[in-house]
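In what follows, chains carry the letters A, B, and so on, assigned in the order in which the sequence lines appear, proteins first and then strands, with residues in each chain numbered from 1.
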Amino acid sequence: MLHTQSAPNQRRSSDPEAMAVVTRFAPSPTGFLHIGGARTALFNWLFARHHGGRFLLRLEDTDRRRSTPEAIAAIIDGLEWLGLDWDGDVIHQSRHAERHAEVARRLLAEGKTYHCFCTPEELAEMRQAARAAGRPVRYDGRWRDRDPSQAPPGVPPVIRFKAPHEGETVIPDKVQGEVRVANEQLDDMVLLRADGTPTYMLAVVVDDHDMEITHVIRGDDHLTNAFRQAQLYRALGWPMPTFAHIPLIHGPDGAKLSKRHGALGVDAYRERGYLPEALRNHLLRLGWAHGDDEIIGTEQAIQWFDIDGVGRSPARFDFAKLDSLNGRYLRQADDNRLVELITPRLAEMVGQAPGEREKERLLRGMTELKQRAKTLVELAENAAFYARSGLLPLSEKAKETLTAEARGRLARLKPRLEAVEAWAPEPLERAVRAFAEAEKVKLGQVAQPLRAALTGATVSPGIFGVMAVLGREETLARLSGIVI
RNA sequence: GUCCCCUUCGUCUAGCGGCCCAGGACAUCGGCCUCUCACGCCGAAAACAGGGGUUCGAGUCCCCUAGGGGACGCCA
């Protein structure tokens, strides 16, 4: 469920701009919400929340063919899981198509756009020729000043923007600084397709304007688009939003993140056992810093976040650091919540959902268990022995530990344990230590076989704590299963 | 090819002209703790891409080179 984060301290009522901030996350629903998109959403969300403004979600689905309901669901699901709640309803860009066309027609009437009758094949040839000749790959403007009466029959025209040839276009970017390009570098972009639908360039500008977006925070793969959009804003006579182009996240090899790098959907991160707050923290630290601070909770992030802290160089996604961060959040997480989170995983591993008794054990053992896991996957694996009943499967190492000698020792230990009155870690430890002394062996010689017998593994939380959580009956039952 | 952007330890980064023979975190390697594994604690190794300027002084400002990335669609 979504709710608005309350952040009482971040708003300064004396700041007249504070209430005006409106950001948006505008993914195209052609696939899952990948990690780069998630970070863009996070930055927009944090910026809006920090300034007490609004954060909107707009689906850029003008390309109807490539937009799917599944992708829309995945994006919404991903944002909800990450806890990035948006204000108002989800906006579907495609529903504004008529408005976009209207703007294009207005521009046409004002002589700022023109019909272009080139066929896709013709354009492909043009590009190919330019590339072959080593010339810049651009539309050559052949219909810019040509009379529409010369139009070839049967070719539905597109509407192109009459881009200025002289001068330069400057983007004051909050992250990149002042970025400028000579106008001769930019060709006449298509605004309205032959079928009358708007292109991305037209749609973003119109929607960002209509939605009164004040700050456009997006990946810097859009930086060059911003030049064209700036020209459109000028032609339309609309004020430009503030741009902030944040660097992309790269794969381990430094190249743009792709599937082979693990550019997974956020659902994959959930599946791999990461906590949303840990992923948020990690994403935040990719390209943004607040001095030496590393562990930054969401409330703190809202207070601190601003575009000033965003760096200009791309970052690589580091799973090792995410693991470490996740481990920290795991240790701080509420025990009940963790039990619930691993329950489905346990059900799958053990073959049946943990019952009341098992959940009770898991809860009591959680404080110790969560010290030892970096992900929920690991946590579930380490906790499985609490969720099992009946025969405990033994790991290879556990089998090796349980030699005939060790089993014999456990058999001799058993009556001593039965004699323990208060079934708690300290008395149990005293009993086992006394037994080890009597056997003239080190504590480990007893503790390890005991661990193997009770947990099925050679690695576990402190064994006396485990015995306490398991309880007298279960502990002795598991021992019986081994020594016989 | 053209244009735009980027470049501090392996990775994420601090640094906004002197506080830096460069700090933190993750990872790595030692050690302590110890019933195993973790956690925790202590310690080590590890970077200003290269070259020119500007300046009394440059990781910090400017230029060039190299390397990396991004954009060049009737995709978004």
Side-chain angles (χ1 to χ4, degrees), chain A residues 26-30 60-63 65-67 93 116 118-120 123-124 127 130-139 156-160 171 173 175-177 179-182 185-187 189-195 197 199-201 203-204 219-227 245 247-248 250 252 254-256 282 285-295 308 311-325 327 331 368-374 382 397 401 429 432-433 436 442-448 450-452 455 457-464:
Chain A
S28 63
T30 52
E60 309 243 312
D61 54 352
T62 50
D63 185 3
R65 256 179 315 205
R66 298 204 308 151
S67 303
Q93 185 162 66
C116 166
C118 287
T119 61
L123 291 171
R127 283 186 205 104
R131 220 176 279 273
R135 278 181 284 113
V137 182
R138 294 183 206 120
Y139 172 69
V158 300
I159 291 184
R160 281 187 188 268
I171 304 291
D173 191 280
V175 173
Q176 307 291 341
V179 189
R180 53 186 66 226
V181 70
Q185 298 295 334
L186 304 172
D187 62 4
M189 60 187 150
V190 172
L191 259 28
L192 215 57
R193 300 186 185 108
D195 65 2
T197 60
T199 60
Y200 162 78
M201 286 297 175
V204 251
D220 72 5
D221 50 338
H222 284 285
L223 186 54
T224 48
N225 290 333
F227 293 122
H245 288 95
L248 261 20
H250 285 175
K256 189 181 183 181
H282 188 237
R285 288 288 290 107
L286 252 34
W288 180 86
H290 183 271
D292 284 338
D293 295 301
E294 297 284 349
I295 308 299
D308 303 342
R312 281 198 275 192
S313 53
R316 303 181 189 200
F317 194 86
D318 182 8
F319 274 96
K321 194 155 187 176
L322 208 214
D323 279 351
S324 162
L325 216 38
R331 272 170 256 141
E368 283 296 307
L369 285 170
K370 68 185 182 184
Q371 303 291 328
R372 294 166 170 76
K374 300 244 186 269
N382 297 343
K397 284 187 177 173
T401 303
E429 179 164 0
V432 174
R433 281 186 186 276
K442 287 186 177 174
L443 180 59
Q445 299 286 101
V446 183
Q448 276 304 87
L450 193 51
R451 185 184 321 279
T455 70
T458 54
V459 171
S460 84
I463 196 61
F464 307 114

**Request:** Could you measure between the two P atoms, the one in B:A47 and the one in B:G24, and give it in whole Å?
**Result:** 14 Å
**Request:** Could you pull out all residues at least two apart from A:Q176 that satisfy side chain to side chain donor-acceptor pair (under 3.5 Å)?
**Result:** none
Shorter than 3.5 Å, N or O on both sides, protein versus nucleotides 18-23 of chain B: list them out with atom names.
{"unit_1": "B:G23", "atom_1": "N2", "unit_2": "A:D292", "atom_2": "OD1", "d": "2.6"}

**Message:** Between B:A25 and B:C6, how many Å separate the two C1' atoms, rounded to a whole number?
**Reply:** 23 Å
Each nucleotide N or O in nucleotides 43-51 of chain B that has a protein N or O under 3.5 Å away: list the pair and distance.
none

**Request:** Starting at the 5' end of nucleotides 3-12 of chain B, put B wherever the base has a protein heavy atom under 4.0 Å, S where only the sugar-phosphate does, and a dash everywhere else.
**Result:** SSSSS---SB
**Item:** Side-chain donor/acceptor of A:N382 to backbone N/O of A:L369, under 3.5 Å
**Value:** no
**Fill in**
Atom CG of A:L369 and atom C1' of B:C39 are separated, to the nearest Å, by 13 Å
**Inter-nucleotide C1' distance (B:G59, B:A22), Å rounded** = 8 Å
**Prompt:** Of the non-hydrogen atoms in A:A194 and A:P156, which two are nearest, and what is the gap between them?
**Reply:** CB-O, 3.6 Å
**Request:** Scan A:N382 against the nucleic acid and name what it touches under 4.0 Å (heavy atoms): base, sugar-phosphate only, or nothing.
**Result:** nothing
Using atom names, set out every protein N or O paired with an N or O of nucleotides 29-38 of chain B below 3.5 Å, distance rounded to 0.1 Å.
{"unit_1": "B:C35", "atom_1": "OP1", "unit_2": "A:R433", "atom_2": "NH2", "d": "2.6"}
{"unit_1": "B:C35", "atom_1": "O2", "unit_2": "A:R451", "atom_2": "NH2", "d": "2.3"}
{"unit_1": "B:C35", "atom_1": "N3", "unit_2": "A:I463", "atom_2": "N", "d": "3.2"}
{"unit_1": "B:U36", "atom_1": "O4'", "unit_2": "A:Q448", "atom_2": "OE1", "d": "3.1"}
{"unit_1": "B:U36", "atom_1": "O2'", "unit_2": "A:T458", "atom_2": "O", "d": "3.2"}
{"unit_1": "B:U36", "atom_1": "N1", "unit_2": "A:R451", "atom_2": "NH2", "d": "3.3"}
{"unit_1": "B:U36", "atom_1": "O2", "unit_2": "A:S460", "atom_2": "N", "d": "2.9"}
{"unit_1": "B:U36", "atom_1": "O2", "unit_2": "A:S460", "atom_2": "O", "d": "3.1"}
{"unit_1": "B:U36", "atom_1": "N3", "unit_2": "A:R451", "atom_2": "NH1", "d": "3.2"}
{"unit_1": "B:U36", "atom_1": "N3", "unit_2": "A:S460", "atom_2": "O", "d": "2.6"}
{"unit_1": "B:U36", "atom_1": "O4", "unit_2": "A:G462", "atom_2": "N", "d": "3.2"}
{"unit_1": "B:C37", "atom_1": "O2", "unit_2": "A:R372", "atom_2": "NE", "d": "2.6"}
{"unit_1": "B:C37", "atom_1": "N3", "unit_2": "A:R372", "atom_2": "NE", "d": "3.2"}
{"unit_1": "B:C37", "atom_1": "N3", "unit_2": "A:R372", "atom_2": "NH2", "d": "3.0"}
{"unit_1": "B:A38", "atom_1": "O2'", "unit_2": "A:Q371", "atom_2": "O", "d": "2.5"}

**Request:** For nucleotides B:C12 and B:C21, find the distance between their C1' atoms and express it as a whole number of Å.
**Result:** 25 Å
**Set of residues satisfying ring pair (Phe, Tyr, Trp, His ring centres under 6.0 Å) with respect to A:Y200, sequence neighbours excluded** = A:H222
**Request:** For A:R451, check side chain to side chain donor-acceptor pair (under 3.5 Å) against everything at least two apart and list the hits.
**Result:** A:Q448, A:S460
**Prompt:** How far does the P atom of B:G73 sit from the matching atom of B:U65, given to the nearest Å?
**Reply:** 27 Å
**Message:** For B:A76 and A:T62 - does any side-chain N or O of the residue sit under 4.0 Å from the phosphate oxygens OP1/OP2?
**Reply:** yes
**Asked** Which part of the nucleic acid, if any, lies within reach of A:C116 when heavy atoms closer than 4.0 Å are counted: base, sugar-phosphate only, or nothing?
**Response** nothing
**Inter-nucleotide P distance (B:G50, B:A58), Å rounded** = 15 Å
**Item:** For A:H282, all residues meeting side chain to side chain donor-acceptor pair (under 3.5 Å), sequence neighbours excluded
**Value:** none
**Prompt:** At under 4.0 Å between heavy atoms, what does A:V137 touch on the DNA or RNA strands: base, sugar-phosphate, or nothing?
**Reply:** base
**Item:** Residue A:V190, side-chain atoms from C-beta onward, closest of B:A14, B:A76, B:C74
**Value:** B:C74
**Request:** Indicate, with a heavy-atom threshold strictly under 4.0 Å, whether A:H222 touches base, sugar-phosphate, or nothing.
**Result:** base
**Message:** Do A:T62 and A:T199 have side chains that approach each other closer than 4.5 Å (heavy atoms only, starting at C-beta)?
**Reply:** no
**Request:** In whole angstrom, give me the gap between the P atoms of B:G10 and B:C20.
**Result:** 22 Å
**Request:** Apply side chain to side chain donor-acceptor pair (under 3.5 Å) to A:D293 and list each qualifying residue two or more places apart in sequence or on a separate chain.
**Result:** A:H290
**Request:** Using the P atom on both, measure B:G31 against B:G18 and round to a whole Å.
**Result:** 41 Å
**Prompt:** Excluding sequence neighbours, so at least two apart, what forms side-chain contact (heavy atoms from CB on, under 4.5 Å) with A:D195?
**Reply:** A:R193, A:T197
**Message:** My understanding is that only residues two or more places apart in sequence, or in another chain, count here; which of them pass side-chain contact (heavy atoms from CB on, under 4.5 Å) with A:V137?
**Reply:** A:R127, A:R131
**Asked** Residues two or more places apart in sequence or in another chain: which of them pass salt bridge (charged side-chain N to carboxylate O under 4.0 Å, His left out) with A:R316?
**Response** none
**Minimal non-hydrogen separation, A:D220 against A:P247, with atom names** = OD2-CA, 3.5 Å
